[in-house]
J.: 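Supplied in structure tokens, the structure appears directly below.
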Amino acid sequence: ADLVETDFCLTVQDDGWVVDGNNWHDAFFAYDFIGAPIHNQWITMRNGRICQRIVGGQEAVLPIQRDEVLYVPMNGGLSLRSRKLLRAPRQLFLPMHIMSPDKLSGDVVGLSWGLATQNEDIFLTVQYRDTLTAHGMVFAPDDVAAYFSTESLNGNAVFGVDVSQL
């Protein structure tokens, strides 16, 4: 956050890019985080902890426990983030626990984790979403997020794409 001098930054990781800049809308600036809804994936939380990760059709989501909250995570690979959101985890002392990797591989050490809770997009859009929202952060609704970016090249008009899941 200290390196960002503007009110917003466009985060572009190695598997994301802008597809059509003509699909940009200044209305995107109304949100502190916009990223592609992670398709076919839902995460439930209970008492601040991830309970289950559901992959597949939406019918697989139900039933959930009464005290669980259901989230559609947003992908960070191509995302718009406000400087306010970038600063929030440090200002709010939100811990990000990085577990030991599941495996080490290769001549050059590669690390691998089985859980996506390590990813900053899950950290921001699921694990601490309620806390961030309570402190004034605004996350794009699913329809706006789906227009902003997608994880699949489905022919719909979008601003950008993150193809990590293709």
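For this chain, numbers begin at 1 and follow the sequence in order. Only heavy atoms go into these numbers, but all of them, side chains included; no hydrogens, no water, no symmetry mates.
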J.: Could you measure the distance from the OH atom of Y147 to the CD1 atom of I34? Nearest 0.5 Å is fine.
T.: 11.5 Å
J.: For R129, which residues count as a salt bridge (Lys or Arg N to Asp or Glu O under 4.0 Å) partner, sequence neighbours excluded?
T.: none
J.: Taking only residues two or more places apart in sequence, or in another chain, which ones meet D143 in a side-chain contact (heavy atoms from CB on, under 4.5 Å)?
T.: P141
J.: Do you know which two heavy atoms are closest between G77 and D15, and how far apart they sit?
T.: CA-OD1, 4.3 Å
J.: Measuring from atom CZ of F148 to atom CG of N75, what distance do you get when rounded to the nearest 0.5 angstrom?
T.: 10.5 Å
J.: Looking at residues at least two apart in the chain, or sitting in another chain, which of them share a salt bridge (Lys or Arg N to Asp or Glu O under 4.0 Å) with D7?
T.: R83
J.: Got a second to check how far L132's CG is from L92's CG, nearest 0.5 Å?
T.: 6.5 Å
J.: Could you tell me the separation between the CG atom of D121 and the CD atom of Q13, rounded to the nearest 0.5 Å?
T.: 7.0 Å
J.: Would you name the heavy atoms of S149 and P37 that are closest together and state the gap between them?
T.: O-CD, 4.0 Å
J.: With sequence neighbours left out, write down each residue that passes side-chain hydrogen bond (donor to acceptor under 3.5 Å, both in side chains) with T125, or none if nothing qualifies.
T.: none
J.: For residues G35 and A145, report the shortest heavy-atom separation together with the two atoms involved.
T.: O-CB, 3.2 Å
J.: So which atom in G76 and which in E120 form the shortest heavy-atom distance, rounded to 0.1 Å?
T.: CA-OE2, 3.9 Å
J.: State, to 0.1 Å, how close F33 and S79 come at their nearest heavy-atom pair, and which atoms those are.
T.: CZ-CB, 3.9 Å
J.: Would you mind reporting whether C9 and L86 have side-chain heavy atoms less than 4.5 Å apart?
T.: yes
J.: Parallel under 30°, tilted from 30 to 60°, perpendicular over 60°: which one fits the rings of F29 and F8?
T.: tilted
J.: Which pairs pass salt bridge (charged side-chain N to carboxylate O under 4.0 Å, His left out) with one or both residues in residues 24-36, sequence neighbours excluded?
T.: D32-K84
J.: Kindly write out the residues that satisfy ring pair (Phe, Tyr, Trp, His ring centres under 6.0 Å) with Y31, not counting sequence neighbours, or none if the list is empty.
T.: none
J.: Return the CH2 to CG distance between W24 and L10, rounded to the nearest 0.5 Å.
T.: 6.5 Å
J.: Identify, with sequence neighbours excluded, every residue that meets side-chain hydrogen bond (donor to acceptor under 3.5 Å, both in side chains) alongside D130.
T.: Y71
J.: How about L124 and P89: do any of their side-chain heavy atoms sit closer than 4.5 Å?
T.: yes
